[in-house]
Amino acid sequence: MSTLEELQSVIDKSKRIVFFGGAGVSTESGIPDFRSVDGLYNQKYDYPPEQILSHTFFVHKTSEFFRFYRDKMLCLDKKPNKAHYKLAELEKAGKLSAVVTQNIDGLHQAAGSKRVYELHGSVLRNYCTKCGRFYDAEFIKNSADIPKCTCGGIIKPDVVLYEEGLDDSTVTGAVNAISKADTLIIAGTSLTVYPAAGFIRYFGGDNLVLINRDPTPMDKNANLVFHEKVGELLDKITVNI
């Protein structure tokens with residue numbers, strides 16, 4: 001297993017770090033993931049979570065969708081953890097050029113990160129499917145049953161559901177950042193969710209670093225591998241300009 005000293009050395013030498021993060025980055029903030037043993041996919045509901053979080057389900061069983069969404073997806077009381085703050089510090093120091101995240105909680109921005117590519121959208125943004133008017137997450141949380149716009153249209157969270165495609169401009173920005181990175185840190189993801197997991201093929205830099213609680217299919221291809229909690233490891237890094 002790799003050492004903290006090796007990671008510190010890589011970060012010290014890097015000038016264009018890109019951080020690619022998954023659910024494991026937010027679990028240390030108390031936000032449950034989907035695929036772990038105690039994740040949402042292993043709890044009991046009337047429908048499987050992957051079915052509830054699909055475009056078809058949103059359209060045909062909208063009330064049921066929002067019951068689940070408010071209960072399990074709106075974690076508005078959660079705060080950034082050590083990983084989020086360290087990444088913001090690295091960006092401010094000019095070491096980190098972008099964060100690419102599969103998470104939808106907005107915690108990277110809350111910690112101070114400026115350039116964040118949210119592949120799967122954000123619970124903090126919601127829009128009317130009829131007129132496009134914007135609504136915040138508190139409106140969704142406090143609305144009864146199906147949230148409706150003043151025009152009568154249904155309000156949809158700006159999150160990418162199953163059966164929906166990723167936003168083109170977000171994909172372009174993420175791929176561009178990864179392709180220009182000298183170091184790519186992949187953390188808190190099993191690298192099994194596509195198309196997001198396929199983004200790493202655009203990386204051609206010097207150092208591939210993997211931080212994840214469990215082994216991933218990419219461990220054998222990485223320069224450094226850590227099977228640790230993301231925040232606990234990154235918190236030990238010193239940001240040297």
Side-chain angles (χ1 to χ4, degrees), residues 21-81 100-110 116-171 188-198 214:
V25 179
S26 292
T27 51
E28 289 173 72
S29 290
I31 296 177
D33 71 0
F34 283 81
R35 290 172 177 78
S36 68
V37 174
D38 54 350
L40 294 181
Y41 277 19
N42 293 283
Q43 298 178 22
K44 301 298 182 182
Y45 298 97
D46 291 340
Y47 302 90
E50 63 267 34
Q51 182 179 347
I52 298 174
L53 296 174
S54 68
H55 181 81
T56 298
F57 198 92
F58 174 81
V59 171
H60 296 289
K61 295 185 180 292
T62 313
S63 181
E64 192 80 12
F65 170 89
F66 275 106
R67 253 199 308 276
F68 177 89
Y69 182 82
R70 287 189 189 93
D71 185 34
K72 295 298 179 183
M73 308 302 289
L74 283 182
C75 304
L76 303 183
D77 60 332
K78 304 304 182 184
K79 305 298 182 185
N81 61 53
V100 180
T101 180
Q102 299 177 71
N103 298 327
I104 58 176
D105 48 51
L107 293 181
H108 285 292
Q109 293 92 329
V116 182
Y117 296 104
E118 298 173 306
L119 297 179
H120 297 154
S122 172
V123 299
L124 303 181
R125 300 187 300 268
N126 306 272
Y127 63 92
C128 173
T129 55
K130 186 176 179 181
C131 75
R133 181 178 176 182
F134 175 87
Y135 289 86
D136 62 18
E138 290 291 342
F139 183 88
I140 303 296
K141 184 177 181 178
N142 297 324
S143 59
D145 198 24
I146 301 173
K148 295 287 185 68
C149 178
T150 52
C151 77
I154 295 173
I155 300 169
K156 181 184 182 296
D158 189 14
V159 298
V160 180
L161 302 177
Y162 289 98
E163 306 167 346
E164 295 179 345
L166 305 184
D167 176 73
D168 286 343
S169 62
T170 303
V171 168
T189 174
S190 60
L191 291 175
T192 58
V193 180
Y194 284 83
D214 303 311

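Hydrogens, waters and symmetry mates play no part in the numbers below; they use all other heavy atoms, side chains included.
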Ile154 backbone acceptor or donor facing Thr129 side chain under 3.5 Å | yes

Taking His120 for the side chain and Gln102 for the main chain, is one N or O donor matched with an acceptor at less than 3.5 Å?
-> yes

Indicate the atoms forming the closest heavy-atom contact of Pro157 with Asn126, along with that distance.
-> CA-OD1, 3.1 Å

Which residues pass the ring pair (Phe, Tyr, Trp, His ring centres under 6.0 Å) test with Phe57, sequence neighbours left out?
-> Tyr47

Say whether, by atom type as modelled, one donor and one acceptor occur between the side chain of Asp167 and the main chain of Gly121 under 3.5 angstrom.
-> no

Could you go through the side chain to side chain contact (heavy atoms under 4.5 Å, CB included) check for Lys72 and Ile52 one step at a time?
-> CA-CA 11 Å; Lys72 295 298 179 183; Ile52 298 174; over 6 Å; no

To the nearest 0.5 Å, atom OG of Ser54 lies from atom NZ of Lys61 at 11.0 Å

Can Lys141 and Glu138 be counted as an ion pair, charged N to O under 4.0 angstrom?
-> no

Nearest-0.5 Å distance that lies between atom NE2 in His55 and atom NE2 in His60 | 8.0 Å

Nearest heavy-atom neighbours spanning Thr150 and Arg133 = OG1-NH1, 3.0 Å

Of all the heavy-atom pairs spanning Lys130 and Gly153, show the shortest one and how long it is.
-> CB-CA, 3.9 Å

Step by step, would you call Leu107 with Lys79 a side chain to side chain contact (heavy atoms under 4.5 Å, CB included)?
-> CA-CA 7 Å; Leu107 293 181; Lys79 305 298 182 185; 5.7 Å; no

Answer yes or no: does atom CG of Asp214 have more than 12 heavy-atom neighbours from other residues, nucleotides or ligands under 6.0 Å?
-> yes

How long is the span from the CG atom in Asp145 to the OG atom in Ser63, to the nearest 0.5 Å?
-> 3.5 Å

I would like to know whether Val159 and Met73 meet side chain to side chain contact (heavy atoms under 4.5 Å, CB included); could you show each step before the answer?
-> CA-CA 10 Å; Val159 298; Met73 308 302 289; over 6 Å; no

Do side-chain atoms of Thr27 reach the backbone of Gly24 as a donor and acceptor pair under 3.5 angstrom?
-> yes

Should Asp158 and Phe134 count as side-chain neighbours, where that means a heavy-atom distance under 4.5 Å?
-> no

Just say parallel, tilted or perpendicular for the rings of Phe65 and Tyr69, cut-offs at 30° and 60°.
-> parallel

From the list Leu76, Leu124, Val123, Leu74, side-chain contact (heavy atoms from CB on, under 4.5 Å) partner of Ile140 resolves to Leu74

Looking only at heavy atoms, the pair that brings Phe139 and Lys148 closest together is CZ-O, 3.8 Å

Here the gap from Ser143 atom OG to Tyr135 atom OH, rounded to the nearest 0.5 Å, amounts to 10.5 Å

What one should report as the nearest heavy-atom pair of Ser29 and Pro80 is OG-C, 3.7 Å

Is it true that a side-chain atom of Asn103 and a backbone atom of Gly22 form a donor plus acceptor pair closer than 3.5 Å?
-> yes

Going from CG on Asp136 to CZ on Arg125, what distance comes out if it is rounded to the nearest 0.5 angstrom?
-> 13.0 Å

CG on Leu161 to CZ on Phe58, rounded to 0.5 Å = 7.5 Å

Nearest atoms (heavy-atom pairs only) where Gly30 meets Lys78 = O-CE, 3.5 Å

